[in-house]
Engineer: 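Below you will find the structure I want to go over with you.
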Amino acid sequence: AKRLIVPYIIWYCYIMYFFPGRCNLFGIFYSIDHLWFLLMLMWCFLFSSLCIKFLEKSPLILDIIIFLGFSFLFIIGNHFNLLPSFLCLNMFVLYFPAFFLGILFAKYNVTDLVTTKIPLFIFPIAIALESILLYLFTSENYFSSYTISRIIGLCVVVTLFSYLKLNINRLQFINKDFYKSLDKNSMGIYLLHSIILLYFLEFDYVIQFMNNYELIAPFILLILSVGLSWAISILIRNTPLAFILG
């Protein structure tokens, strides 16, 4: 509640007050903009905490069934519009398989198995192939493509993660203070960057600039929003208000 629900309520009220018309008080049960992520994480942590004793002892085959079960539940629930959007339960069902995969990595040390059994040159080839397939299958025009693209996207992340772990000794720069600060303030950057973008888009000249320079404008906005949100997060973290960033 302290890490996710308190920041969720605070920033929802902030958006509702400073960006009137974007949401209302009742909408707090259904989220707004990027804040759905906090409610989704809440359900993931809650479900995992309640089942942790069971998951510690469950065999691999049962873990795979749980993973596939949630994936199938989303496919069926989404197709027949059965998943409730209340407190972002639908997003929980969608993203829990990826969250659960992280639990399996920790439980079975899957990445050690992957990185010791697959030649190094296979990884760049696999990532390139998965990325091409992701591009080809990413479409919401028919039922299966949305699910297929998510599975392939997950494969890209897993493959890249395994590749990086294999080369972790060459990535000593991640221990620099710069990257530690990025890691520490990641939730603050996530919460603030979207609100900063909303603020920018209140100005007509920003919208005009985006329309005139539609290739470079997103990159400029990305740099500005991430840089400002990072700086603000660092400042807030050093005050008694740090709790608003989770």
Engineer: Could you pull out all residues at least two apart from S194 that satisfy side-chain contact (heavy atoms from CB on, under 4.5 Å)?
Structural biologist: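 For S194, the residues satisfying side-chain contact (heavy atoms from CB on, under 4.5 Å) (neighbours in sequence not counted) are H34.
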Engineer: Enter the distance from L50:CG to L55:CG here, rounded to the nearest 0.5 Å.
Structural biologist: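 Going from CG on L50 over to CG on L55, the span is 10.5 Å.
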Engineer: Hey, what else clusters with I65 if you join Ile, Leu, Val, Met, Phe, Trp, Tyr whenever side-chain heavy atoms sit under 4.5 Å?
Structural biologist: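 Hydrophobic cluster check, I65: joined to I61.
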Engineer: Just checking F70 against F100, ring centres under 6.0 Å apart?
Structural biologist: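 Ring-ring flag for F70/F100: false, centres at least 6.0 Å apart.
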Engineer: Would you say CZ of F203 has more than 12 non-hydrogen atoms from neighbouring residues, nucleotides or ligands within 6.0 angstrom?
Structural biologist: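 Atom CZ in F203 is crowded, with more than 12 foreign heavy atoms closer than 6.0 Å.
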Engineer: Quick check on the 6.0 Å ring-centre criterion: do F99 and W43 meet it?
Structural biologist: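 No, the ring of F99 stays outside the 6.0 Å limit from the ring of W43, centre to centre.
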Engineer: Is a donor on one side and an acceptor on the other found under 3.5 Å between the side chain of D183 and the backbone of Y179?
Structural biologist: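 Answer holds: no.
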Engineer: Tell me which pairs pass salt bridge (Lys or Arg N to Asp or Glu O under 4.0 Å) where either residue lies in residues 188-214, with sequence neighbours left out.
Structural biologist: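 Residue pairs passing salt bridge (Lys or Arg N to Asp or Glu O under 4.0 Å), neighbours aside: none found.
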Engineer: Identify, with sequence neighbours excluded, every residue that meets salt bridge (charged side-chain N to carboxylate O under 4.0 Å, His left out) alongside R3.
Structural biologist: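 Per chain and number, R3 pairs via salt bridge (charged side-chain N to carboxylate O under 4.0 Å, His left out) with no residue.
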Engineer: Checking S48 side chain against F45 main chain: does a donor-acceptor pair fall under 3.5 Å?
Structural biologist: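 Judged by distance alone, no pair lies under 3.5 Å.
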Engineer: Using the rule that two of Ile, Leu, Val, Met, Phe, Trp, Tyr join whenever any of their side-chain heavy atoms come within less than 4.5 Å, decide whether L60 and F54 are in one cluster.
Structural biologist: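 Same cluster.
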Engineer: For the pair W11 (side chain) and I244 (backbone), establish whether a donor and an acceptor sit closer than 3.5 Å, ignoring hydrogens and angles.
Structural biologist: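 Yes; at least one donor-acceptor contact below 3.5 Å.
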Engineer: Within this structure, what is the CG-CG distance for the pair L73 and L83, rounded to the nearest 0.5 Å?
Structural biologist: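 Those atoms lie 6.0 Å apart.
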Engineer: State plainly whether one hydrophobic cluster holds both I52 and L46, where clusters connect Ile, Leu, Val, Met, Phe, Trp and Tyr through side-chain heavy atoms under 4.5 angstrom apart.
Structural biologist: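 I52 and L46: separate clusters.
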Engineer: Using 0.5 Å steps for rounding, measure from the CD1 atom of I28 to the CG atom of L87.
Structural biologist: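 Here the interatomic distance stands at 9.5 Å.
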Engineer: Do F200 and I223 belong together in a cluster built from hydrophobic side chains that touch within less than 4.5 Å?
Structural biologist: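 In one cluster: no.
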Engineer: Which atom pair, heavy atoms only, marks the closest approach of S233 to L245?
Structural biologist: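 Closest approach of S233 to L245, heavy atoms only: OG-CD1, 3.6 Å.
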Engineer: Is the shortest heavy-atom distance from the side chain of I196 to the side chain of L224 under 4.5 Å?
Structural biologist: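 I196 does not reach L224 side chain to side chain.
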Engineer: I need the minimum non-hydrogen distance between Y12 and C23, along with the two atoms involved.
Structural biologist: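 Shortest heavy-atom separation between Y12 and C23 comes out as OH-CB, 3.4 Å.
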Engineer: N185 side chain to G188 main-chain N or O, any donor-acceptor pair under 3.5 Å?
Structural biologist: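 No, N185 side chain to G188 backbone: no donor-acceptor pair under 3.5 Å.
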Engineer: Write out all pairs satisfying salt bridge (Lys or Arg N to Asp or Glu O under 4.0 Å) with one or both partners inside residues 52-73, taking only residues at least two apart or from two chains.
Structural biologist: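 Of all non-adjacent pairs touching residues 52-73, those that pass salt bridge (Lys or Arg N to Asp or Glu O under 4.0 Å) are D63-K107.
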Engineer: Who are the side-chain contact (heavy atoms from CB on, under 4.5 Å) partners of S49, not counting sequence neighbours?
Structural biologist: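 S49 satisfies side-chain contact (heavy atoms from CB on, under 4.5 Å) with no other residue.
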Engineer: Roughly how far, to the nearest 0.5 Å, is CD1 of I103 from CZ of F47?
Structural biologist: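 Between F47 CZ and I103 CD1, I get 8.5 Å after rounding to 0.5 Å.
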Engineer: Under 4.5 Å between any side-chain heavy atoms of L101 and F96, yes or no?
Structural biologist: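 No; the side chains remain at least 4.5 Å from each other.
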Engineer: What pair of heavy atoms forms the shortest contact from S85 to N90, and how long is it?
Structural biologist: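 Minimum heavy-atom contact is CA-OD1, 3.6 Å.
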Engineer: Would a 4.5 Å heavy-atom cut-off, applied to side chains only, mark C13 and I9 as touching?
Structural biologist: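 Contact flag for C13/I9 side chains = yes.
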Engineer: Give every residue pair that meets the ring-ring contact (aromatic ring centres under 6.0 Å, His included) criterion with at least one member in residues 213-246, sequence neighbours excluded.
Structural biologist: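 Sorted pair list: F178-W230, F209-Y213.
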Engineer: Got a sec: does the CD1 of I216 have more than 12 other heavy atoms crowding it under 6.0 Å?
Structural biologist: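 No, because the 6.0 Å sphere around CD1 of I216 holds 12 heavy atoms or fewer from other groups.
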Engineer: Provide the closest heavy-atom pair for C88 versus S31 in the form atom of the first, atom of the second, distance.
Structural biologist: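 What the structure gives for the nearest pair is SG-CB, 3.6 Å.
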Engineer: Excluding sequence neighbours, so at least two apart, what forms side-chain contact (heavy atoms from CB on, under 4.5 Å) with F37?
Structural biologist: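 So F37 forms a side-chain contact (heavy atoms from CB on, under 4.5 Å) with M40, L41, Y190.
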Engineer: Only distances under 3.5 Å count here; give the side-chain donor-acceptor pairs of residues 14-22 to other protein atoms, sequence neighbours excluded, each with its distance to 0.1 Å.
Structural biologist:
{"unit_1": "R22", "atom_1": "NE", "unit_2": "D33", "atom_2": "OD1", "d": "3.3"}
{"unit_1": "R22", "atom_1": "NE", "unit_2": "D33", "atom_2": "OD2", "d": "2.8"}
{"unit_1": "R22", "atom_1": "NH2", "unit_2": "D33", "atom_2": "OD1", "d": "3.0"}

Engineer: Could you check whether any side-chain heavy atom of L39 comes within less than 4.5 Å of a side-chain heavy atom of I5, counting everything from C-beta outward?
Structural biologist: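 With C-beta onward as the side chain, the pair touches.
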Engineer: Can you list the residues that meet the side-chain contact (heavy atoms from CB on, under 4.5 Å) rule with L82, with sequence neighbours excluded?
Structural biologist: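 Applying side-chain contact (heavy atoms from CB on, under 4.5 Å) to L82 gives F80.
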Engineer: Is there side-chain contact between L192 and L228, with heavy atoms separated by less than 4.5 Å?
Structural biologist: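 No, their side chains stay 4.5 Å or more apart.
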Engineer: For the residue pair H193 and L198, establish whether any side-chain heavy-atom pair is separated by less than 4.5 Å.
Structural biologist: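 When only atoms from C-beta onward are counted, L198 and H193 do not touch, as no gap falls below 4.5 Å.
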Engineer: For residues M210 and L221, determine if any side-chain heavy atom of one lies less than 4.5 Å from a side-chain heavy atom of the other.
Structural biologist: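 Side-chain contact under 4.5 Å: yes.
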Engineer: With heavy-atom distances below 4.5 Å as the criterion, would you say the side chains of C44 and F92 are in contact?
Structural biologist: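 In contact.
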Engineer: Would you check, one step at a time, whether the test side-chain contact (heavy atoms from CB on, under 4.5 Å) holds for L38 with L191?
Structural biologist: CA-CA 9 Å; L38 277 70; L191 286 169; 3.8 Å; yes
Engineer: Can you name the closest pair of heavy atoms from L89 and P84 and give their distance?
Structural biologist: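 For L89 and P84, the tightest heavy-atom pair comes out as CB-O, 3.6 Å.
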Engineer: Give every residue pair that meets the salt bridge (Lys or Arg N to Asp or Glu O under 4.0 Å) criterion with at least one member in residues 235-246, sequence neighbours excluded.
Structural biologist: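 Residue pairs with at least one partner in residues 235-246: there are none.
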